[in-house]
2 protein chains.
Amino acid sequence: MSCEEKATQKLSERGFRITPQRRVILHILMHANAHLTPTEVYEEARKSLPSLRETTVYRTLEFLTQVGLAQEAFSKTSKSAYEISDYAHHHLICRKCGKEVEIPHVKMKPLCEDIETETGFQLMQNHLSFFGLCPACQKN
Amino acid sequence: MSCEEKATQKLSERGFRITPQRRVILHILMHANAHLTPTEVYEEARKSLPSLRETTVYRTLEFLTQVGLAQEAFSKTSKSAYEISDYAHHHLICRKCGKEVEIPHVKMKPLCEDIETETGFQLMQNHLSFFGLCPACQKN
DNA sequence: ATCCTTATTGCAAAAACTTGCAATAAGGAT
DNA sequence: ATCCTTATTGCAAGTTTTTGCAATAAGGAT
Ligand SMILES: [Mn+2]
Ligand SMILES: [Mn+2]
Ligand SMILES: [Zn+2]
Ligand SMILES: [Zn+2]
């Protein structure tokens, strides 16, 4: 039973099809220890599935995000990158040196609840990037 | 005295040069009542400055963001768009129908201060997009 | 096992965005 | 007014991302 089995089951249950392309991409995301750009996913994925095309990578990452299995991130370069959507968290990034700190979602919870009651919106699991200057870069 | 005068003065003071390209783009941003994509800025700007190129638009928007005169937004399409950075605010966007609600920054202030004391980072004026389902779309 | 429906992929071309480098021109100095 | 320095722009080419449409194949039905 391969590691992406649980995720593909979710897709199945919701009426989506399981394809080799989706399997490979899920597998890669699940073993990545960083946010990956579509190009990085593509390079890695085609090692085991050479027929895979960039177009499909873009569409699959978008798809996985829509169904909640992945989430998009905006990093220093403002290029988008993706990761598996497991635990809720956010990022704080130094605009100067790129240093990143993770912000657990619990810190944001009160704000989210406030927004929900005030607007009537139902928030989804957001994955935000705050920017600022890290302690080191403030001195220079 | 044209409307973008105050902004260009700021640039001058900080040692940056005032160019027709920057003037036009600032002017457009200051009169826009929405977030504009680089292409939209380009189309509008070249009406009064036909020699302007896309490259310059991208670089100028990036530049204005760096110096704090503009800010980037990530909307439903995830394509980037820009607006003048006047008052601090954030966005809440319905993932289904695209409806947008503005969130005043004051709502976020306690969270930001919490993050600053905890991490030592000094936050810049962030311009975030929350996603969720609007009341109407929750029913369907 | 074969057929059917249609979601998903690949293909080809376009659109959006980036990059290195040479030409230009803003703004300070003479 | 002219010159100088170098920040900024344009140019050309590359890379990334999107899009419409035809081909493919996943998964349910027979
Ligand atoms: Mn993350
Ligand atoms: Mn905004
Ligand atoms: Zn830093
Ligand atoms: Zn909605």
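We name chains A, B, ... by the order of the sequence lines, and we start the count at 1 in each one.
Regarding Ile25(B), its CD1 atom lies at a distance of 13 Å from the P atom of dT8(D), rounded to whole Å. Atom CZ of Arg22(A) is separated from atom P of dA25(D) by 15 Å (rounded to the nearest Å). As rounded to whole Å, 8 Å separates atom P of dT18(C) from atom CD of Glu62(B). Between the CZ atom of Phe63(A) and the C1' atom of dT8(C) there is a distance of 10 Å, rounded to whole Å. One interatomic measurement links the two molecules: CD of Glu43(B) to P of dC17(C), which rounds to 12 Å at whole-angstrom precision. Rounded to a whole Å, the CG atom of Leu49(B) is 13 Å from the C1' atom of dA25(C). Following rounding to the nearest Å, Ile18(A) (CD1) and dT8(C) (C1') show an atom-to-atom distance of 12 Å. Atom-to-atom, CD of Glu40(A) to P of dT15(D) comes out at 16 Å; the value is rounded to the nearest Å.
With respect to the salt-bridge test (charged N to carboxylate O, under 4.0 angstrom), the residues Arg23(B) and Glu5(B) qualify. Glu44(B) has a carboxylate O that lies under 4.0 Å from a charged side-chain N of Lys47(B), or vice versa, which qualifies the two as a salt bridge. The pair Glu118(A)-Lys107(B) meets the salt-bridge criterion, with a side-chain N (NZ, NE, NH1 or NH2) lying under 4.0 Å from an Asp/Glu carboxylate O. Ion pair Arg59(A)/Glu54(A) not flagged as a salt bridge, since none of the NZ, NE, NH1 or NH2 atoms sits closer than 4.0 Å to an Asp/Glu carboxylate oxygen.
For dT6(C), neither phosphate oxygen OP1 nor OP2 lies less than 4.0 angstrom from any side-chain nitrogen or oxygen of Arg17(A). Under 4.0 angstrom from either OP1 or OP2 of dC17(C) there lies at least one side-chain N or O belonging to Tyr58(B). Close to dA25(C), at under 4.0 Å from its OP1 or OP2, lies no side-chain N or O of Gln21(B).
Here dA12(D) sits opposite dT19(C) as a Watson-Crick or G-U wobble pair (both hydrogen-bonding atom distances under 3.5 Å). Pairing of dG28(C), defined by two Watson-Crick or G-U wobble distances under 3.5 Å, is identified with dC3(D).
Among the protein residues, Arg59(B) comes within range of the nucleic acid bases, having at least one heavy atom under 4.0 Å from a base atom. At a threshold of 4.0 angstrom between heavy atoms, the contacts of Thr19(A) are confined to the sugar-phosphate backbone, with no base atom among them. Using a 4.0 Å heavy-atom distance criterion, Arg53(B) is classed as a sugar-phosphate-only contact.
Between Ser51(B) and Phe16(A), the residue anchored nearer the 5' end of DNA chain D, judged by the nucleotide with its closest heavy atom, is Ser51(B).
Ring geometry for His90(B) against His105(B) counts as tilted: the plane angle lies between 30° and 60°, on a 0 to 90° scale.
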